[in-house]
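In what follows, every chain begins at residue 1, and chains take the letters A, B, ... in the order their sequences are listed.
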There are 2 protein chains.
Amino acid sequence: MNLTVNQNVILESLVADNLVSDPSSARGRLLKEAARLFRDKGYERTTVRDLAAAVGIQSGSLFHHFRTKEEILKAVMVETIQLNTAVMQGAMDQAETDRDKLHALILSELESINGQTGEAMAVLVYEWRSLSKEGQEEVLALRDIYEQLWLDVLTSLAAQGVIRADPFVTRRMLTGALSWTVTWYRVDGGMTLSDLTGQVIAMLGLDQKPS
Amino acid sequence: MNLTVNQNVILESLVADNLVSDPSSARGRLLKEAARLFRDKGYERTTVRDLAAAVGIQSGSLFHHFRTKEEILKAVMVETIQLNTAVMQGAMDQAETDRDKLHALILSELESINGQTGEAMAVLVYEWRSLSKEGQEEVLALRDIYEQLWLDVLTSLAAQGVIRADPFVTRRMLTGALSWTVTWYRVDGGMTLSDLTGQVIAMLGLDQKPS
DNA sequence: CGATACCAAGCAAGCGCTTGGTTTGTAAAT
DNA sequence: ATTTACAAACCAAGCGCTTGCTTGGTATCG
């Protein structure tokens with residue numbers, strides 16, 4: 001189960017459906033650089049001149065591709081959700097038991113946050129306020145689909161007595177815990193994302209009674 | 001064990017030691033409003049005119065109290081850490097077993113995040129990047145003291161086999177999980193912070209074998 | 001030829017912060 | 001009890017700079 005390869009296959013199909021920009025296109029490269037800058041400096045501290053310089057054009061030329069700076073932020077968020085929902089759905093389809101599904105969800109989200117789409121995921125989590133109200137609602141609707149994948153599995157596990165905390169609370173705690181890894185986890189620190197997934201499972205006390 | 005009362009007693013002693021501004025002073029009121037604005041709009045989107053208007057003075061008059069806008073942000077962060085470290089230390093001193101101490105730590109942090117100092121705590125977590133490098137280091141040093149309280153308890157619990165995940169990883173996961181509550185937890189939602197603490201304990205699988 | 005992608009220049013607005021001067025609070029001197 | 005002295009707190013005005021974005025024109029390419 002190599003998630004990286006999986007992600008690229010899914011990416012291609014989403015690009016074909018025009019749901020996600022081709023990373024090699026001008027628009028795609030801009031979104032990639034925007035995600036990096038927004039994560040590093042924050043949306044507000046990143047100027048349109050920064051964005052333009054990152055892809056080697058003049059600041060005014062940005063507005064040929066996007067009408068406003070905020071539209072760039074929204075595109076980063078929307079495309080990231082689209083991609084990661086699809087990747088996660090794929091990982092879920094390969095798992096059989098609910099325990100396996102939970103494992104897949106955790107690993108999948110850690111890959112999203114700390115892998116190729118990590119910069120954009122950090123933006124999604126920490127630049128929420130910079131979106132207009134309408135933008136927030138649009139993103140929120142997409143996010144609901146993603147969240148339902150989690151809730152289905154956690155509710156099922158709770159019904160089986162495998163977890164004892166409330167599924168909704170558990171999901172929210174895991175959202176915080178996993179997204180926070182972006183602030184401290186480094187791939188080169190000797191701990192793989194698979195190791196980290198194991199740590200989360202152990203923290204939840206699910207490492208003792210195998211299914 | 002009423003944390004709110006406890007917090008006010010500790011607050012007074014910190015004010016007496018000049019470690020924290022008196023909330024009724026001009027400086028104290030400004031910091032309170034600044035925390036609220038920084039949390040709601042973000043540091044960058046909050047202008048010095050917003051800050052001044054919130055306390056009913058002209059924007060230029062702010063610079064009689066603080067040399068720069070960033071100094072306001074730093075003061076919000078530093079004073080919040082000072083207060084919450086003291087409150088948490090107090091809660092720890094009252095607990096006996098390590099399990100009780102962990103319970104106290106979780107409840108204490110939830111009170112910090114969702115109680116009176118919630119706005120400032122959110123700023124501390126989410127406006128980190130807006131501080132200069134020197135400011136970050138200063139805040140980080142204070143934070144280490146705070147974090148050591150957690151690590152001592154978690155390491156002890158791990159040695160006893162009560163928790164099986166790595167103490168450092170566990171703390172980081174809990175940092176994310178607990179600070180994330182600021183985005184969804186509401187006091188009026190029928191769930192107290194004590195309930196929420198119980199949920200976290202249950203999520204960690206620590207609700208089954210009482211000490 | 002027509003659309004797409006870009007540049008060069010700059011505008012209006014908003015930003016953090018400064019300046020010079022006025023009011024207010026306080027406490028010692030008369 | 002009133003005056004004097006002085007620092008702290010504040011206002012009114014605005015400076016210099018950066019911001020997101022616009023405009024009019026020029027390459028590039030199927």
Could you tell me which residues satisfy salt bridge (charged side-chain N to carboxylate O under 4.0 Å, His left out) with A:Arg49, sequence neighbours excluded, listed by chain and number?
-> none

Contacted region of DNA chain D by chain B, from 5' end to 3' end of the hits, cut-off under 4.0 Å to heavy atoms, spans D:dA8 to D:dG14

Validation row: B:Ser130, B:Leu73 side chains within 4.5 angstrom (heavy atoms) = yes

What ring-ring contact (aromatic ring centres under 6.0 Å, His included) pairs are there with at least one residue in residues 187-206 of chain A, not counting sequence neighbours?
-> none

Measure the shortest side-chain to side-chain distance between A:Leu110 and A:Tyr185 over non-hydrogen atoms and say whether it is less than 4.5 angstrom.
-> no

State whether a side-chain donor-acceptor pair under 3.5 Å links A:Ser25 with A:Arg29.
-> no

Taking side chain as C-beta onward, heavy atoms only, is A:Val182 less than 4.5 Å from A:Tyr126?
-> yes

Kindly indicate whether the side chain of B:His103, heavy atoms from C-beta on, has any atom under 4.5 Å from the side chain of B:Leu206.
-> no

Within residues 15-51 of chain B or reaching into it, pairs that qualify as ring-ring contact (aromatic ring centres under 6.0 Å, His included) - sequence neighbours excluded | B:Phe38-B:Tyr43

dist B:Lys101:NZ -> B:Leu154:CG (nearest 0.5 Å) comes out at 12.0 Å

Are the side chains of A:Glu127 and A:Val123 in touch, meaning some heavy atoms are under 4.5 Å apart?
-> yes

B:Met173 vs A:Leu196, side-chain contact (heavy atoms from CB on, under 4.5 Å): CA-CA, chis, key distance, verdict = CA-CA 10 Å; B:Met173 292 288 173; A:Leu196 194 50; 3.8 Å; yes

Please list residues of residues 50-71 of chain A whose heavy atoms come under 4.0 Å from any atom in DNA chain D, ordered by number; otherwise none.
-> A:Ser59, A:Gly60, A:Phe63, A:Thr68, A:Lys69

Within residues 42-49 of chain A: residues closer than 4.0 Å to DNA chain D (heavy atoms) = A:Thr46, A:Thr47, A:Val48, A:Arg49

B:Arg129 CZ: over 12 foreign heavy atoms closer than 6.0 Å = yes

The side-chain contact (heavy atoms from CB on, under 4.5 Å) partners of B:Phe168 (sequence neighbours excluded) come to B:Leu151, B:Asp166

Report each atom pair, protein N/O against N/O of nucleotides 20-24 of chain C, whose distance is under 3.5 angstrom.
none

Tell me, which of residues 23-41 of chain A have any heavy atom that sits under 4.0 Å from an atom in DNA chain C?
-> none

With axes from five pairs an end, tell me the bend angle of the helix from C:dC1-D:dG30 to C:dT30-D:dA1, nearest 10°.
-> 10°

Consider only side-chain N and O atoms of A:Asp195 and A:Gln199, and report whether a donor and an acceptor are under 3.5 Å apart.
-> no

A:Lys32: what forms a salt bridge (charged side-chain N to carboxylate O under 4.0 Å, His left out) with it, not counting sequence neighbours?
-> A:Glu119

For residues 136-145 of chain A, which side-chain N or O atoms pair as donor and acceptor with protein atoms under 3.5 Å away, sequence neighbours left out?
from, atom 1, to, atom 2, distance (Å)
A:Gln136, NE2, A:Trp128, O, 3.3
A:Gln136, NE2, A:Leu131, O, 3.2
A:Glu138, OE1, A:Lys74, NZ, 3.1

Given A:Gln89, A:Gln82, A:Glu109, the one that forms side-chain hydrogen bond (donor to acceptor under 3.5 Å, both in side chains) with A:Tyr146 = A:Glu109

